[in-house]
Amino acid sequence: MNEAEETPEAANGALAPRVFSGIQPSGGLTLGNYLGAIKRFVEMQNSGIETIYCIVDLHAITVWQEPEKLRHATRELCAGYIAAGLDPGKSVLFNQSQVSAHAELGWIFSCVARIGWLNRMTQFKDKAGKNREKASVGLFSYPTLMAADILLYHATHVPVGEDQKQHLELTRDIAAKFNHDYGVDFFPLPEPVIEGTATRVMSLRDGSKKMSKSDPSDMSRINMTDDADTIAKKIRKARTDPDALPSEAAGLEGRPEARNLVSIYAALADTSIDAALQQVGGKQFSQFKPMLAELAVEKLAPIAAEMKRLMQDPGHLDAVLADGATRAHRIAAPIMERTLDIVGMVRAR
Ligand code: AQP
């Protein structure tokens, strides 16, 4: 781990890889967050790259959050990260609001990004829906804060689920425009890392909708804290079609629900979709669903148990986050300072 203060000017030379990613404490963690993000976070941490993982609480309040629930969800997410294998000794693990430079750089980036760019963001359209006029300004400008989260650390790689690809492209556009406008080579253009067999886990009730922690239907998702009976029940009731499973991935074409369940199975089994279909191809859903439920319980129950144990000591979780925030601040401060200098803000010498 390299948390030494970097010389910001050296940023766009041969940058050592640095990973940054985050998750919103906008509800409980889902299987989508786990397979699309956290599993990859842990693999990257264990590969020896410098990793910074954030609980993006400032993003969560772009939609209304009850303060006590937000505090609880923040600690639960911290517990989820650790229970799934993040080691606060190896990764920097903290909540966004404890490092105020995120908001500061977010403001500067909201002056760099163009309204036309943000107007194209499909997540805003999905989340605001027909109530666009009543959505918060923060929900609209969310991607500028996300760009700040990443670029504040000069991160080079960002593991995310498929749904965040467009925001990552915007982050690159913001970095490029900042560098161009100010005539510097300061912010790197970070690479999205969208890998694995389940980069877009879909709702169990509707194969065309992303599994989401804020979906009103609890039956649409598997929560990381669900017990074995609940997981089995949700999988049993998951929407499917009447046909048997195919023996090759091409046979999942036009069958979104079947594709989703097979992808979940493959991701949990750490295998490819084709390899999974060699095992389960030809089976009816009545045979496959119990196999999936058994595998999901085997993989998720230990994480849920560890989360529960960690949640009994919120003081410890708060201390982990405070320590992570101190370390994150140490990396961010010189980059923020140099950014303000580039922009032309008078600084104490
Ligand atoms: N269904 C999913 N499949 C794969 N990856 C997913 N991610 C989220 N849902 C899926 C990935 O998890 C990371 C954190 O996402 P987030 O919590 O910051 O925001 P989100 O993408 O908006 O997730 P949710 O669950 O849908 O939250 P709400 O309901 O609050 O909006 C990201 O890397 C994301 O790609």
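Note that ligands are numbered from 1 as they come in the structure, with each ligand's atoms numbered from 1 the same way. Nothing fancy with the numbering, it's 1 onward along the sequence.
Side-chain heavy atoms closer than 4.5 Å link hydrophobic residues (I, L, V, M, F, W, Y) into clusters, and following such links, possibly through other members, connects Met291 to Leu268.
Residues lining ligand 1 at a heavy-atom distance below 4.0 Å are given as Gly22, Ile23, Gln24, Ser26, Gly32, Asn33, Gly36, Ala37, Lys127, Val160, Gly161, Asp163, Gln164, Thr199, Arg200, Val201, Lys210, Met211, Ser212, Lys213, Ser214, ordered by chain and residue number.
Ring centroids of His102 and Phe94 are separated by less than 6.0 Å, placing the two rings close together. You'll find the ring centres of Phe187 and Phe109 inside the 6.0 Å limit.
Within the 4.5 Å cutoff, the side chain of Asn95 has no heavy atoms near those of the Leu58 side chain.
Electrostatic pairing of Arg347 and Asp341 does not count as a salt bridge here, judged by no charged N lying under 4.0 Å from a carboxylate O.
Heavy-atom neighbours of Gln284 CD from other residues, nucleotides or ligands within 6.0 Å: above the threshold of 12.
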